[in-house]
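Numbers restart at 1 for each chain; the letters A, B, ... are given by sequence-line order, proteins then strands. Side-chain atoms are counted along with the backbone in the values below, which use heavy atoms only and exclude waters and symmetry mates. If you're wondering where the values come from, they're calculated on a predicted model, not measured in any experiment.
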Number of protein chains: 2
Amino acid sequence: MCKPALTQIKPRRTDDAPSGDARCGDCPIRYRAVCAQCEGPELERLEQMKFYRSYQAGQPILWEGDRTEFVASVVTGVATLTHTLEDGRRQMVGLLLPSDFLGRPGRDRAAYDATAATDVVLCCFRRGPFDQMMRQTPQLAHRLLDMTLDDLDAAREWMLLLGRKTAREKIASFIAIIARRQAALHKQPAQGRIEMELPLTREAMADYLGLTIETVSRQITALRQDGVIEVRGKRGLVLPDYARLVEESGDDSDGGLPD
Amino acid sequence: MCKPALTQIKPRRTDDAPSGDARCGDCPIRYRAVCAQCEGPELERLEQMKFYRSYQAGQPILWEGDRTEFVASVVTGVATLTHTLEDGRRQMVGLLLPSDFLGRPGRDRAAYDATAATDVVLCCFRRGPFDQMMRQTPQLAHRLLDMTLDDLDAAREWMLLLGRKTAREKIASFIAIIARRQAALHKQPAQGRIEMELPLTREAMADYLGLTIETVSRQITALRQDGVIEVRGKRGLVLPDYARLVEESGDDSDGGLPD
DNA sequence: CGAGTGATTGATACACCTCAACACAGGTGG
DNA sequence: CCACCTGTGTTGAGGTGTATCAATCACTCG
């Protein structure tokens with residue numbers, strides 16, 4: 001049905017970033033991440049625990065089945081979660097943008113491959129101490145529950161896309177989701193003319209949408225020819241009219257991923 | 001891409017079941033539902049709050065956008081969550097079996113349609129009191145977090161199915177999931193010869209798997225002709241060899257839905 | 001320059017959808 | 001009792017959207 005993954009991840013590794021420089025108070029995701037509702041002594045405790053890690057675009061973060069030593073928040077960049085079948089068919093099952101949470105408390109093995117799609121900085125916590133703190137800190141557990149419920153909603157929206165949308169609608173939906181989340185970063189509503197950057201390669205988009213690279217490429221070409229999008233290089237896009245794109249996506253009420 | 005939903009839900013309604021008869025101690029899902037880790041006074045408080053509702057097969061439980069007055073655990077039967085696009089394309093996004101939780105704390109509107117696939121009994125809690133209790137009872141919040149994380153894992157497994165599996169693999173995967181969960185109810189591993197009952201119509205299966213009714217029917221016929229399954233009436237199935245079915249499903253390590 | 005990677009485009013194949021007819025069981029009413 | 005209807009599932013013929021296979025292009029890097 002689709003080609004085995006031939007692409008080899010480059011084996012280069014980034015050393016851990018010099019840890020603990022940044023203060024939580026200055027953190028760009030301070031009020032959106034899992035730590036959002038922690039203050040005072042609790043924030044202090046997290047601050048003590050945390051350490052940063054950086055990954056270059058294309059680097060693996062975790063392999064399915066690996067022991068996980070840490071959980072983490074994405075500070076900057078984009079990471080992906082993918083499932084792989086024995087014969088190499090791959091499906092992306094999660095797209096982690098800044099403030100999203102990576103890892104599952106109470107589970108010591110990764111359920112999916114995690115990969116850096118762009119350069120990524122993670123704010124990590126060792127699993128043991130973090131689990132312990134979660135048991136003692138209700139607002140941390142509540143925040144994580146909220147975020148997980150948002151993830152579940154996003155996953156279900158995504159299932160609708162995978163199961164019932166055409167290739168053209170899938171591409172339009174994907175671009176709309178990215179546009180909305182980039183707009184949300186600047187605290188603006190997505191509307192009118194938008195310039196944006198795709199955070200994924202065509203291959204990763206294909207894995208996200210349950211398509212092949214070729215189909216992704218063809219549909220992008222088609223949307224360009226129909227004036228729905230303009231293409232600027234490999235990753236750059238201009239949306240002359242966001243509403244037009246949403247029309248193409250198959251649903252106006254496009255809920256989509258949590259911001 | 002697929003036909004608008006023409007099926008009309010029969011307008012018959014069941015009155016609420018005589019509430020509060022059953023004691024939590026006798027509940028068949030006592031140690032698997034959201035209340036599993038509550039004891040003593042907490043269980044007592046839930047017991048006071050709870051009320052039962054019954055729905056006949058085919059009845060709607062909630063419409064997308066409805067105000068939700070309660071959250072609930074499925075006690076017996078099977079319910080479904082579905083998303084619908086304006087043009088009528090439908091995708092099931094959740095399959096709720098006994099002990100699964102319905103509803104989202106902290107949200108007052110339903111995000112999807114919920115429907116009784118078979119006759120269903122729910123153990124309900126009014127939203128306000130339940131939310132309040134969740135804020136005061138860490139083990140309740142933790143249990144719900146755990147269950148939500150399981151749901152998220154299941155949704156992601158499902159995404160792999162929707163995005164990358166063939167029709168035949170989808171059918172085999174679905175049957176395997178149901179077989180495993182039915183086996184789990186009897187606390188047995190799924191293996192060898194299994195007799196089972198499909199809890200869904202062909203239409204609901206199609207909505208689950210992102211297929212059409214016709215394709216579902218054809219693939220079941222094909223699996224029957226290949227000796228992978230035997231068909232007993234509309235809903236009955238015999239699996240001569242569970243392992244053979246799993247082979248057909250595309251993945252041996254078939255994680256799937258939480259039990 | 002050549003090698004390598006990511007993306008585009010074209011020709012063809014086929015898996016699944018669409019439309020349509022039919023089978024079968026259960027219920028209802030004359 | 002049988003004719004009729006309705007809901008559910010099966011089967012067939014044909015069309016189409018996307019995958020597959022393959023060639024080429026644009027860029028970057030050594």
Is there a residue in residues 217-234 of chain B whose heavy atoms reach under 4.0 Å of DNA chain D, and which residues are they?
S217(B), R218(B), T221(B), K234(B)
Output all residues satisfying side chain to side chain contact (heavy atoms under 4.5 Å, CB included) with D119(B), sequence neighbours left out; order by chain, then residue number.
Q56(B), A57(B)
Between P of dT8(C) and CD of E203(A), the distance in whole Å
13 Å
Rounded to the nearest 0.5 Å, how far apart are CG of D151(A) and CG of L95(A)?
11.0 Å
Residues forming a side chain to side chain contact (heavy atoms under 4.5 Å, CB included) with D241(A), sequence neighbours excluded
A243(A), R244(A)
Rounded to whole Å, how long is the line connecting atom CD of E214(B) with atom C1' of dG15(D)?
14 Å
For F101(A), ring-ring contact (aromatic ring centres under 6.0 Å, His included) partners two or more places apart
F130(A)
Rounded to the Å, how far apart are R168(A) CZ and dT18(D) P?
11 Å
How many whole angstroms separate atom CZ of R235(B) from atom C1' of dG9(D)?
11 Å
Please enumerate all residues that pass side chain to side chain contact (heavy atoms under 4.5 Å, CB included) together with R218(A), with sequence neighbours excluded.
E214(A)
I213(A) CD1 to dA19(D) P, in whole Å, measures 11 Å
So, using side chain to side chain contact (heavy atoms under 4.5 Å, CB included) as the criterion, who are the partners of A114(A) when residues are at least two apart?
I61(A), L62(A), L81(A), L102(A)
Taken to the nearest whole Å, CZ/R202(A) to P/dC25(D) is 19 Å
